Amino acid sequence: MNELSDRAVLTRCALTGLAVGVVVGVIWAEAAMNHRGLDGVFSGIAMIAIPVPLSGILARSAGISRWWLVALAGSVAFGMLANGLSAFAPLPNDYGLPETLTGVVFPLAGAAGYAAVGWIVIPRALLTAGLSRTLLAAALPRILLVGAMIAFSAGAGQISDRVRHWHQVRGLAALGVPLVVLDVPGHRHTRTEIWRFPPEDGGQAVQLTYHRGTLGAGPDWSEVQVFIRATATTPGQACAAPYPHYAWGRDRTCRTLSDGRVLLISHGRPSALFMRHGDVLLQIGSHTATEAELLAAGHVRPATAGELMEV
């Protein structure tokens with residue numbers, strides 16, 4: 001097989017993988033947009049089952065010799081590379097990207113995986129060299145490539161948590177919301193999240209979650225959610241339209257305190273406290289904390305994205 005033929009085979013293998021990756025990416029994107037559920041189970045099965053037969057049909061139609069080997073080995077390589085690339089990809093919410101954008105890893109993994117397999121199993125020099133130094137010289141780079149793909153997939157899984165944290169910190173720092181942290185008496189800061197809504201639904205916010213006790217461990221358990229927003233909205237205006245809008249019913253009233261803070265009363269009990277701190281509006285909400293605990297929440301201080309995401 002001459003050089004031109006080698007290039008043609010690699011090109012056809014890459015295009016086969018690209019097509020398989022696009023199909024799998026579309027299935028993934030559809031499941032992501034529908035927030036999975038039972039449909040997500042079937043989508044997951046389809047993502048696993050489709051690559052081998054689809055790539056076999058495409059490789060055979062493209063005239064690739066040993067198409068069945070390309071279909072089998074290429075699907076394995078595709079899965080390994082997709083797993084590795086997914087470990088490095090940020091979640092869309094980290095940077096406010098479209099939810100389906102992460103699916104781009106599948107076409108990339110498909111094109112690279114099937115092209116690599118085409119280079120490994122197709123060249124005639126490897127098939128005709130015989131048991132000689134020529135065979136070893138031809139086989140060794142291919143063995144190393146297989147080892148590299150396996151190491152990449154396994155290694156990516158080992159560092160995925162650190163990569164995930166890296167993206168979270170940078171996404172939070174780029175959000176445009178001044179970062180603060182506050183003390184909630186008797187509660188510990190346990191989670192930091194980014195919330196993104198259209199401006200008419202409240203816009204974006206940083207949520208700090210605080211807990212007391214252990215979930216399900218008895219009456220002492222309590223959760224407090226603090227939303228931090230960069231907005232000129234007054235506490236009174238925020239109380240009239242608490243964040244996020246869809247989570248609050250209509251049975252609520254607002255009580256302005258002497259220090260300018262506003263207490264929201266929902267279904268007969270204090271449920272949220274609104275206050276300003278510099279350029280940010282704080283909404284301190286809870287259905288388990290007492291009114292005294294809400295009113296005592298304070299001691300606001302600046303914080304870094306790394307500090308907030310450490311929890």
Side-chain angles (χ1 to χ4, degrees), residues 1-30 43 46-90 97-98 100-160 163:
M1 183 176 291
N2 57 37
E3 182 179 359
L4 180 60
S5 296
D6 286 346
R7 288 177 177 175
V9 169
L10 292 180
T11 300
R12 293 177 185 183
C13 287
L15 291 175
T16 295
L18 180 64
V20 172
V22 168
V23 171
V24 172
V26 168
I27 295 173
W28 183 92
E30 190 276 334
S43 296
M47 291 170 64
I48 296 173
I50 281 178
V52 172
L54 178 58
S55 61
I57 294 171
L58 294 174
R60 185 175 184 181
S61 300
I64 300 174
S65 61
R66 295 172 181 81
W67 56 267
W68 55 271
L69 187 56
V70 171
L72 291 174
S75 297
V76 174
F78 167 52
M80 289 193 301
L81 292 180
N83 178 69
L85 290 174
S86 296
F88 287 96
L97 302 173
T100 58
L101 189 60
T102 307
V104 74
V105 302
F106 296 107
L108 293 176
Y114 283 88
V117 166
W119 181 73
I120 290 170
V121 306
I122 293 301
R124 185 177 298 171
L126 178 62
L127 301 174
T128 61
L131 298 176
S132 64
R133 288 186 177 181
T134 305
L135 175 62
L136 179 61
L140 184 58
R142 291 160 173 81
I143 294 173
L144 293 176
L145 178 58
V146 171
M149 288 192 293
I150 295 174
F152 173 70
S153 178
Q158 295 298 316
I159 66 172
S160 60
V163 174

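Keep in mind it's a predicted model, so treat the numbers as computed, not measured. Note that the numbering runs from 1 along the sequence shown for the chain.
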Between [X] and [Y], what is the shortest heavy-atom contact and its length?
X	Y	value
L145	A116	CD2-CB, 3.9 Å
V163	A87	CG1-O, 3.6 Å
S65	V70	O-CG2, 4.5 Å
A115	A14	CB-CB, 3.9 Å
L10	G118	CD2-C, 3.8 Å
T102	A89	CG2-CB, 4.2 Å

Please work out whether the ring planes of F88 and F152 are parallel, tilted or perpendicular, with thresholds of 30° and 60°.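 Parallel: the ring planes of F88 and F152 meet at under 30°.
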Go through the steps for C13 and V117 under the test side chain to side chain contact (heavy atoms under 4.5 Å, CB included), then give the verdict. CA-CA 8 Å; C13 287; V117 166; over 6 Å; no
Polar side-chain atom of R142 near backbone of V121 as donor-acceptor pair, under 3.5 Å: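 It does not hold such a pair.
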Any donor-acceptor pair under 3.5 Å from S75 side chain to A71 backbone: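 Pair found, side chain donor or acceptor close to backbone of A71.
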Say you draw a straight line from CZ of R60 to OG of S55; how long is it, rounded to the nearest 0.5 Å?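 With rounding to 0.5 Å, CZ (R60) is 13.5 Å from OG (S55).
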Separation between CG of L54 and CG of L58, rounded to the nearest 0.5 Å: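 One gets 4.5 Å once the value is rounded to the nearest 0.5 Å.
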Any I120 side-chain heavy atom under 4.5 Å of V146 side chain: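 The answer is yes, as the side chains (C-beta and beyond) meet within the 4.5 Å cut-off.
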Quick one: are Y114 and P51 in side-chain contact, heavy atoms under 4.5 Å?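 Yes; the side chains approach each other to less than 4.5 Å.
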Show, in sequence, the C-alpha distance, side-chain angles and deciding distance for I50 and V20, and conclude whether the side chain to side chain contact (heavy atoms under 4.5 Å, CB included) test is met. CA-CA 8 Å; I50 281 178; V20 172; 5.6 Å; no
Is there a side chain to side chain contact (heavy atoms under 4.5 Å, CB included) between F106 and I27? Walk through the geometry before answering. CA-CA 10 Å; F106 296 107; I27 295 173; over 6 Å; no
Side chain to side chain contact (heavy atoms under 4.5 Å, CB included) for T16 and W67? Distances and angles first, verdict last. CA-CA 11 Å; T16 295; W67 56 267; over 6 Å; no
